[in-house]
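To start, the structure itself, in structure tokens.
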Amino acid sequence: MRTEFVPDPGAARDEMEAQQRDIAAAATFTDDFEFDGDAVGSDTGPLVAGVDQAFLDDRVVSAIVVTRGESVVERAHAVSPLSIPYIPGLLSFREGNPILAAFEELETEPDCVLFDGSGHIHFRQAGLATHIGVVLDVPSVGVAKNLLCGTPESSTEGLAAGERVGIDADGDVDAPAGTRIGYAVQTKQYDSSNRHVNPLLVSPGHRVSAETAADWTLATAAGYKLPEPTRLADAHADDVKRTIDT
DNA sequence: GCGACAG
DNA sequence: ATCTTGTCGC
């Protein structure tokens, strides 16, 4: 674990931003290995983990669910106190350590981790998925429901399931304009209905390319908008939260 | 000064 | 993220 990159909620804002630039420099937005879509659906394929959180008053439940093909390999969670409020662009300083606490409870070593939030799609190219991915030095992907920054190369409205639209860096991103930082990914869509499903905003966290990040998302989606590992982690976090109550 | 902004 | 029942439309 890269302890020098562990987030410090007590740091000053400019120090947090400086650390994010260092993390972006240490991150890799290229593929570490070949992506095998068929293997992902196999029971002998890669271990994919989903991470999600549920909130209480001033505490947070961080849940991790590791899957391999159709089966769940392991579930883990941690309950932690929240030290700072949510600040756009500094999410990892609020939720990073709680997530790392859950990872300490995890025995499995995932081949890829799906985080709820952005990775490369970030003002300083170091969103939650990138930050934690670099700290743990594990291939990671950021899966968000809303776009933090960047500009779609074309309309992301009415995409069919399986389609993707590139998201490029703009003036809000600390990267050359036009740099491909992610994709709007349509994992689910109603074909014969008036209803619409908004695409997910996917970006590489660490050790994966933007294209592969989108591939992982589509390969682990199973009929629902969210990738299966993420859905399961979401449900697990809620279960634990209900057990604790208020 | 105003707007914009993952969870 | 969270507070929450019904309700619209496959």
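Proteins come first, then strands; the chains are lettered A, B, ... in the order of their sequence lines, and each starts at number 1. In what follows, every heavy atom counts, from backbone to side chain, and hydrogens, waters and symmetry copies are set aside.
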When you measure from the side-chain N and O atoms of A/Asn146 to the phosphate of B/dC5, is any distance below 4.0 Å, counting only OP1 and OP2?
no

Ring centres under 6.0 Å, that's the criterion: do A/Phe93 and A/His131 meet it?
yes

Tell me whether A/Asn97 contacts the main-chain N or O of A/Pro7 through its side chain, where contact means a donor paired with an acceptor under 3.5 Å.
yes

What's the CD1-P distance between A/Ile181 and B/dA6, to the nearest Å?
14 Å

For A/Arg195 and for A/Asp234, locate the closest nucleotide of DNA chain C by heavy-atom distance; then report the residue assigned to the nucleotide nearer the 5' terminus.
A/Asp234

In whole Å, I'd like the distance from the CD1 atom of A/Ile99 to the C1' atom of B/dG7.
10 Å

Side chain of A/Phe123 - closest among C/dT2, B/dA6, B/dC5
B/dC5

Quickly, which of A/Thr156, A/Thr187, A/Asp215 forms a side-chain hydrogen bond (donor to acceptor under 3.5 Å, both in side chains) with A/Arg164? Name it, please.
A/Asp215

What is the distance from CG of A/Leu82 to C1' of B/dG7, rounded to the nearest Å?
11 Å

From CD1 of A/Ile167 across to C1' of B/dA6 the rounded distance in Å is 13 Å

Between C/dA1 and A/Lys145, is there an OP1 or OP2 to side-chain N/O distance shorter than 4.0 Å?
yes

A/Ile84 has an atom CD1; how far is it from atom C1' of B/dG7, in whole Å?
12 Å

Value in whole Å for how far the C1' atom of C/dC3 lies from CG of A/Asp57
12 Å

Length of the CD-C1' vector between A/Gln189 and C/dC10, whole Å:
13 Å

Among B/dA6, C/dT2, B/dG7, the one nearest any side-chain atom of A/Pro88 is B/dA6

I'd like to know if A/Arg124 pairs up with A/Asp174 as an ion pair, taking the criterion as any Lys NZ or Arg NE/NH1/NH2 lying under 4.0 Å from an Asp or Glu carboxylate oxygen.
no

Do the side chains of A/Arg207 and A/Asp31 get close enough for a salt bridge, i.e. N-O under 4.0 angstrom?
no

Where the side chain of A/Glu95 is defined as all heavy atoms beyond and including C-beta, which of C/dT2, B/dC5, B/dG7 is the nearest nucleotide?
B/dG7

Are A/Tyr86 and the base of B/dG7 stacked, counting only ring centres nearer than 5.5 Å and planes tilted under 30°?
yes

Figure out the CZ/P separation between A/Phe55 and B/dA6, and round it to whole Å.
13 Å

Mind checking A/Leu200 for me? I need base, sugar-phosphate or nothing, with any heavy atom below 4.0 Å counting as a touch.
nothing

